[in-house]
Amino acid sequence: MLQMTVIVLSMAEIPGLLFLLLLLCVVGQVSPYGAFWKPTWPAYRLPVVLPQSTLNLAKPDFGAEAKLEVSSSCGPQCHKGTPLPTYEEAKQYLSYETLYSNGSRTETQVGIYILSNGRGGAQHQDSESSGKSRRKRQIYGYDSRFSIFGKDFLLNYPFSTSVKLSTGCTGTLVAEKHVLTAAHCIHDGKTYVKGTQKLRVGFLKPKFKDGGRGANSSSSALPEKMKFQWIRVKRTHVPKGWIKGNANDIGMDYDYALLELKKPHKRKFMKIGVSPPAKQLPGGRIHFSGYDNDRPGNLVYRFCDVKDETYDLLYQQCDAQPGASGSGVYVRMWKRQQQKWERKIIGIFSGHQWVDMNGSPQDFNVAVRITPLKYAQICYWIKGNYLDCREG
């Protein structure tokens with residue numbers, strides 16, 4: 001077992017350059033590709049995010065209207081020009097609220113640690129780098145989305161990991177009882193949206209004719225169409241970086257949330273992973289599936305090239321409509337240790353941005369990247385033990 005020796009550093013106001021050097025040297029170490037052509041999952045030296053204190057909060061009023069997309073006018077250059085978070089800001093952004101199904105709510109402050117994996121001690125550091133309305137149209141030229149039909153596809157991996165939230169968004173199964181989605185699907189930045197206290201997650205199931213129960217039934221029990229089977233949510237986690245008054249004002253960096261179900265879903269899930277640089281993605285592409293509003297009842301799959309990136313966001317022009325937000329953005333890469341191909345969630349589809357590119361408006365769809373610190377936070381929410389979160 002790892003022993004965690006803690007060195008407290010006086011870093012309350014880390015200068016941007018020093019902050020960046022710490023980030024690159026401590027959590028950005030990536031193993032280079034081997035001699036093979038295969039796009040390979042990088043090996044990261046990951047930080048640890050641990051709870052330090054928890055405070056009970058008053059019950060929310062659940063008065064916000066659900067928004068199925070988020071818009072921001074701050075584009076890639078705007079984000080790249082934003083100062084990196086200080087020590088105190090990083091702790092504040094990664095602290096989080098937990099909402100329980102009985103309506104109670106807590107706020108948890110966190111500490112951030114760098115482990116040496118047994119080669120020395122551990123360092124206590126809190127370092128993370130962290131317009132116009134296009135309304136519902138998020139299609140770029142020819143609509144390149146694919147509706148997924150038939151239970152042989154819908155009920156099989158990876159499409160079976162996509163689920164629907166009762167607030168109208170999409171989520172992705174990332175553990176036996178956990179769903180990753182966008183924060184704006186349950187919280188508008190000020191309070192929780194209507195219906196969050198009784199939040200449910202929907203799983204597509206075959207709807208059989210004549211009361212048929214399964215594949216061994218008679219021929220009259222062929223599936224007519226799919227229907228949703230719903231499971232209640234036990235609790236939700238939302239980072240304080242998303243909640244207004246705590247986050248910076250530049251948009252979507254912390255637009256993610258984790259839902260814990262009241263019972264296991266018994267499906268294969270997709271693990272989360274640290275987002276590699278766009279140039280390391282296979283073909284420079286990402287993939288995701290969601291329940292777009294313009295195709296009710298259909299699961300819609302798409303893939304596209306990444307156009308630009310910041311430390312926290314991926315900019316792309318995957319065709320999408322409201323309802324797809326919260327979808328898990330994934331890629332398939334070679335896992336060197338296990339000698340196999342593996343898909344991992346590397347981001348969460350958030351919404352749409354109009355960007356002023358040299359005086360000319362250009363629009364992007366945006367995904368929140370799972371950075372090393374976000375990975376450590378989400379993994380701890382799932383596992384409850386930092387020792388299980390050492391591999392991203």
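Scope of the values below: all heavy atoms of this structure, side chains included, with no hydrogens, waters or symmetry mates. Just so it is clear, the structure is predicted and the values come from calculations on it, not from any experiment.
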Self-check item: Heavy-atom side-chain contact between Met333 and Thr40 under 4.5 Å
Solution: no
Quiz item: Using 4.0 Å as the upper bound for N to carboxylate O, is an ion pair formed by Asp305 and Arg285?
Solution: yes
Practice problem: May I ask you to decide whether Arg369 forms a salt bridge with Glu309, counting only side-chain N to carboxylate O separations under 4.0 Å? | Solution: yes
Self-check item: Distance-minimising heavy-atom pair for Thr108 and Ser95
Solution: O-CB, 3.1 Å
Exercise. For the residue pair Lys271 and Ile345, establish whether any side-chain heavy-atom pair is separated by less than 4.5 Å.
Key: no
Quiz item: Any side-chain heavy-atom pair from Trp242 and His187 closer than 4.5 angstrom?
Solution: yes
Practice problem: Supply the members, apart from Leu57, of the Ile/Leu/Val/Met/Phe/Trp/Tyr cluster built from side-chain contacts under 4.5 Å; use none for a lone residue. | Solution: Leu55
Quiz prompt | Closest approach of Tyr96 to Pro239 (non-hydrogen atoms, all atoms of both residues) | solution = CB-CA, 4.0 Å
Quiz prompt | Gln339 side chain vs Arg336 backbone, donor-acceptor pair below 3.5 Å | solution = yes
Quiz item: Centre of Trp41's six-membered ring, under 6.0 Å away, within 45 degrees of the axis: is that where NZ or CZ of Lys344 sits?
Solution: yes
Quiz item: Are the aromatic rings of Tyr93 and Tyr254 close, with centres under 6.0 Å apart?
Solution: yes
Exercise. Kindly indicate whether a cation-pi arrangement holds for Lys194 with Phe62, taking the cut-offs as under 6.0 Å to the six-membered ring centre and within 45° of the axis.
Key: no
Exercise. Could you please spell out the steps behind the salt bridge (Lys or Arg N to Asp or Glu O under 4.0 Å) verdict for Glu391 and Lys335?
Key: CA-CA 12 Å; Glu391 180 184 345; Lys335 190 73 172 175; 2.5 Å; yes
Quiz item: Where the side chain of Thr170 meets the backbone of Gly290, is there a donor-acceptor pair that is under 3.5 Å apart?
Solution: no
Quiz item: Does NZ belonging to Lys80 count more than 12 external heavy atoms closer than 6.0 Å?
Solution: yes
Quiz item: Between Thr196 and Leu199, is there a donor-acceptor pair closer than 3.5 Å when you use the side chain of the first and the backbone of the second?
Solution: no
Exercise. For residues Ser327 and Ser289, report the shortest heavy-atom separation together with the two atoms involved.
Key: OG-O, 3.1 Å
Exercise. Examine distances only and state if a side-chain atom of Asp292 and a backbone atom of Asp294 form a donor-acceptor pair shorter than 3.5 Å.
Key: no
Would you give me the side-chain donor-acceptor pairs under 3.5 Å for residues 376-383, sequence neighbours excluded?
unit_1 : atom_1 : unit_2 : atom_2 : d
Gln377 : OE1    : Tyr256 : OH     : 2.6
Gln377 : NE2    : Leu94  : O      : 2.5

Quiz item: Considering only heavy atoms from C-beta outward, does the side chain of Thr191 approach that of Asp61 to under 4.5 Å?
Solution: yes
Self-check item: Side-chain (Arg302) to main-chain (Asp319) donor-acceptor, under 3.5 angstrom
Solution: yes
Practice problem: Kindly determine whether Leu314 and Val366 satisfy side-chain contact (heavy atoms from CB on, under 4.5 Å), including the steps that lead there. | Solution: CA-CA 6 Å; Leu314 291 173; Val366 184; over 6 Å; no
Self-check item: Steps toward side-chain contact (heavy atoms from CB on, under 4.5 Å) verdict (Leu261, Val233)
Solution: CA-CA 4 Å; Leu261 304 176; Val233 171; 4.2 Å; yes
Exercise. Give a yes or no on this: more than 12 heavy atoms of other residues, nucleotides or ligands lie within 6.0 Å of atom CD of Gln229.
Key: no
Exercise. Could you tell me the separation between the CG atom of Leu313 and the OH atom of Tyr315, rounded to the nearest 0.5 Å?
Key: 4.5 Å
Quiz item: Rounded to the nearest 0.5 Å, how far does CD of Glu65 lie from OG1 of Thr167?
Solution: 12.0 Å
Self-check item: Closest approach of Tyr311 to Pro372 (non-hydrogen atoms, all atoms of both residues)
Solution: OH-CD, 3.3 Å
Quiz item: Is the cationic atom of Lys59 (NZ for Lys, CZ for Arg) positioned less than 6.0 Å from the six-membered ring centroid of Tyr192 and within 45 degrees of its normal?
Solution: no
Quiz prompt | Sole residue of Glu97, Gln109, Gln92 in side-chain hydrogen bond (donor to acceptor under 3.5 Å, both in side chains) with Lys240 | solution = Glu97
Practice problem: Identify whether Tyr301 and Ile348 are in the same connected component of the hydrophobic contact network (ILVMFWY, side-chain heavy atoms under 4.5 Å). | Solution: yes
Quiz item: Are the side chain of His184 and the backbone of Asp255 linked by a donor-acceptor contact shorter than 3.5 Å?
Solution: no
Quiz item: Does some side-chain heavy atom of Arg332 sit less than 4.5 Å from a side-chain heavy atom of Pro282?
Solution: no
Self-check item: Minimum-distance pair of heavy atoms, taken over all atoms of Phe269 and Tyr157
Solution: O-CE1, 3.6 Å
Exercise. Measure the spacing between CG of Leu258 and CG of Leu180 and express it to the nearest 0.5 Å.
Key: 6.0 Å
Quiz item: Got a salt bridge between Lys374 and Asp253, using NZ or NE/NH1/NH2 to carboxylate O under 4.0 Å?
Solution: no
Self-check item: Val174 reachable from Val201 in the ILVMFWY side-chain graph, under 4.5 Å edges
Solution: yes
Quiz prompt | Backbone of Leu259 reached by a side-chain donor or acceptor of Arg235 within 3.5 Å | solution = no
Practice problem: State, with a plain yes or no, whether a side-chain heavy atom of Val274 is found less than 4.5 Å away from one of Thr371. | Solution: no
Practice problem: Apply side-chain contact (heavy atoms from CB on, under 4.5 Å) to the pair Leu50 and Tyr386, showing each step before the final yes or no. | Solution: CA-CA 8 Å; Leu50 289 177; Tyr386 76 90; 4.0 Å; yes
Self-check item: Point-to-point distance, once rounded to the nearest 0.5 Å, from CZ of Arg390 to CZ of Arg45
Solution: 9.0 Å
Quiz item: Between Tyr291 and Val300, is any pair of side-chain heavy atoms under 4.5 Å apart?
Solution: no
Quiz item: Does Phe203 have its ring centroid less than 6.0 Å away from the ring centroid of Phe228?
Solution: no
Quiz item: Only one of Glu107, His237, Glu260 forms a side-chain hydrogen bond (donor to acceptor under 3.5 Å, both in side chains) with Thr98, so which one is it?
Solution: His237
Quiz prompt | Distance (rounded to the nearest 0.5 Å) between Ser101 OG and Arg232 CZ | solution = 6.0 Å
Practice problem: Spell out, as yes or no, whether a donor-acceptor pair under 3.5 Å connects the side chain of Gln317 to the backbone of Phe364. | Solution: no
Quiz item: If you round to the nearest 0.5 Å, how far is CZ of Phe303 from NE2 of His287?
Solution: 7.0 Å
Quiz item: Are Ile186 and Val238 close enough that some pair of their side-chain heavy atoms sits under 4.5 Å apart?
Solution: yes
Quiz item: Of all heavy-atom pairs between Arg200 and Trp230, which one has the smallest distance, and what is that distance?
Solution: NH1-CG, 3.6 Å
Exercise. Using atom types as modelled and distance alone, determine if a side-chain donor or acceptor of Asn365 lies under 3.5 Å from a backbone N or O of Cys318.
Key: yes
Exercise. Apply side-chain contact (heavy atoms from CB on, under 4.5 Å) to the pair Phe349 and Gln316, showing each step before the final yes or no.
Key: CA-CA 10 Å; Phe349 177 57; Gln316 33 79 18; 3.9 Å; yes
